[in-house]
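So that the names make sense, note that chain A is the first sequence line, chain B the second, and so on, each numbered from 1. As the structure is a computational prediction, the values presented were derived from the model and not from experiment. These values consider heavy atoms only, across backbone and side chains, with no hydrogens, waters or symmetry-generated copies.
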Amino acid sequence: MKTVRCSIIGFGAIGQGVAEVLLMKKEYLENMGLDVRVIAVVDSRGATLSPEGVDLADCLARKREKGTVAQEKITGLEVIKSIDHELVIETTPTNIETGGAGLQNMLAAFEKGLDVVTSNKGPLTLKYRELVETAKAAGSKFRFEATVGGSMPVINFAKEVLAGNNIRSIKGILNGTCNYILTRMLEERASYTDILAESMELGIAETDPTYDVEGIDTACKLVILANAIFGLDTTYEDVDVTGITKITPEALEMAYENGHVIKLIGEVSRDRIHVAPRLVPINHPLAVGGTLNVASLDTELAGEITVTGRGAGSVETASAILSDLVSIYREQ
Amino acid sequence: MRVSMDIELKDVPGQMLLALQPLSECRANLITVLHHHQKLTPRKTVPVQLVLETRPENIPDIKARLEENGIKVVRVGEHRFRESINVVLIGHVVHTGIQDTIDEIDKTGFAEVADLTLSMPGIDMISSALIKINALGKEEIQKSLNILKEVSAKKDLLMVLPIDVQA
Ligand SMILES: NC(=O)c1ccc[n+]([C@@H]2O[C@H](COP(=O)([O-])OP(=O)(O)OC[C@H]3O[C@@H](n4cnc5c(N)ncnc54)[C@H](OP(=O)(O)O)[C@@H]3O)[C@@H](O)[C@H]2O)c1
């Protein structure tokens, strides 16, 4: 049995999802020869620590009841620097201006030779090259499937499942909030503002939905794909972005009568990265509704391959983190 | 009827005039002239492609008059649009002058606005239009989209393009 000691830094929707998934999959992991032991759970106020492994069910309950897991006044960065372990699961909030705590955490982890699995886009959109090179120099493993498309496999799919296949382009819907808004506007013939309000009420859109509806979130995901799959060195500045705020129910309806839906489509290839609302034929593989995400990879040998799945959600996104974890430690 | 006509001119000055004269005499409406000066034929003539609007019964007359002027008529055919595309425009489509936009495309000769559906929920409100453009081929589709893109930028319209064209 191999013991993998890990920390969960950031204990919001995704961090808690990871805890739940680890509880659910304990036996499965043990059968695979992995004893995954969480030695620290950290939120913005502090941490729960235990070298033998914290009680995850207890952490989840305390987070729900008290709003924090803090028992010790210690930050994520301090945990990374001072406590022995192998893997940092980084699930702090995305910050695409500075990289936020996530960037510091990841760099510190690599400095100590720790592996990192993350769902946090910010650091990867800003400093992809630096992160990957630092990880490589330190011999650390760095996985980030959950940053693009939530549960939907894209990065590992392209790099591993389709290995050897030259990928010419990837097109898809990478933001569930926008997909939900456009789907509902058509269904209800309702205005953008009305459906945005509905999405906020349902918790599908965040209180500040700017990043989603202006196409910025999609652009960040494309940057990660451009760097990870196409080997480019791009940042958000290189993306040509148009969001969905100007879309009208009339436009959606006219397009529909003409056999099309309007979707916010992200598109990446070696020479262009682009986000804009596009007309998609109703029976096209990319014409998925609701909050679903979808990506079509145009491959050299196999033609178009399309994957679809839930782009967000606690346990759903945690499933991508779990698969990254398994793929790191099963291999060795 | 819209007709396209491939002719060949001798590579000496004044030939173009000899080609255009018969058209105006027969009251054909010239839409475009593509002058392939770099592509001389083995006969050392310059290939030119004309697109004109005329009545079918006038075509033999035009052809005869061109030949009288010493111009070789290589091919005459109906001018057919083989490709088409739908584009959605959103914004103040109407009061920024949709007609200009249509004219810009129609006057190219290689493309036309074949259909336009407009939806205006109220005065001064954002309107949406679905435009169908026909063009000679894929390249001409792309050229008309470039025109549309420029116009949209100028009039602050959002252009929603099909997924399979280069945006
Ligand atoms: N939600 C999704 O469906 C989804 C999908 C894909 C990717 N992601 C990405 O995954 C990450 C986490 O998302 P989320 O939805 O779980 O966000 P969230 O619910 O806002 O949780 C963020 C967590 O990070 C903690 N935190 C904030 N600053 C910290 C710091 N400096 N050190 C340690 N912990 C800190 C917060 O603490 P408090 O609890 O004390 O506030 C909270 O527990 C984000 O980067 C997000 O973009 C999310």
To see if you've got the definition right, give the donor-acceptor pairs under 3.5 angstrom between chain A and chain B.
| from | atom 1 | to | atom 2 | distance (Å) |
| --- | --- | --- | --- | --- |
| A:Lys171 | NZ | B:Ile163 | O | 3.1 |
| A:Lys246 | NZ | B:Asp156 | OD1 | 3.4 |
| A:Thr248 | OG1 | B:Ser128 | OG | 2.6 |
| A:Asn258 | OD1 | B:Asn86 | ND2 | 3.2 |
| A:Arg278 | NE | B:Leu161 | O | 3.3 |
| A:Arg278 | NE | B:Pro162 | O | 3.3 |
| A:Arg278 | NH2 | B:Pro162 | O | 3.1 |
| A:Arg278 | NH2 | B:Ile163 | O | 3.2 |
| A:Arg278 | NH2 | B:Val165 | O | 2.7 |
| A:Leu279 | N | B:Leu161 | O | 2.9 |
| A:Leu279 | O | B:Ile163 | N | 2.9 |

Quick check on A:Ala276 against chain B: is it the side chain, the backbone, both or neither that has a heavy atom closer than 4.5 Å? neither
Would you say that more than 12 heavy atoms from the other residues, nucleotides or ligands in this model lie under 6.0 Å from the CE of B:Met120, or not? no
Portion of A:Pro281 that has a non-hydrogen atom of chain B nearer than 4.5 angstrom: side chain
Closest heavy-atom contact between A:Leu279 and B:Val87? CD1-CA, 4.2 Å
Given a strict heavy-atom distance threshold of 4.5 Å, which part of B:Ile90 is in contact with chain A: side chain, backbone, both, or neither? side chain
Which atoms of A:Ile247 come close to chain B, meaning under 4.5 Å heavy atom to heavy atom: side chain ones, backbone ones, both, or neither? both
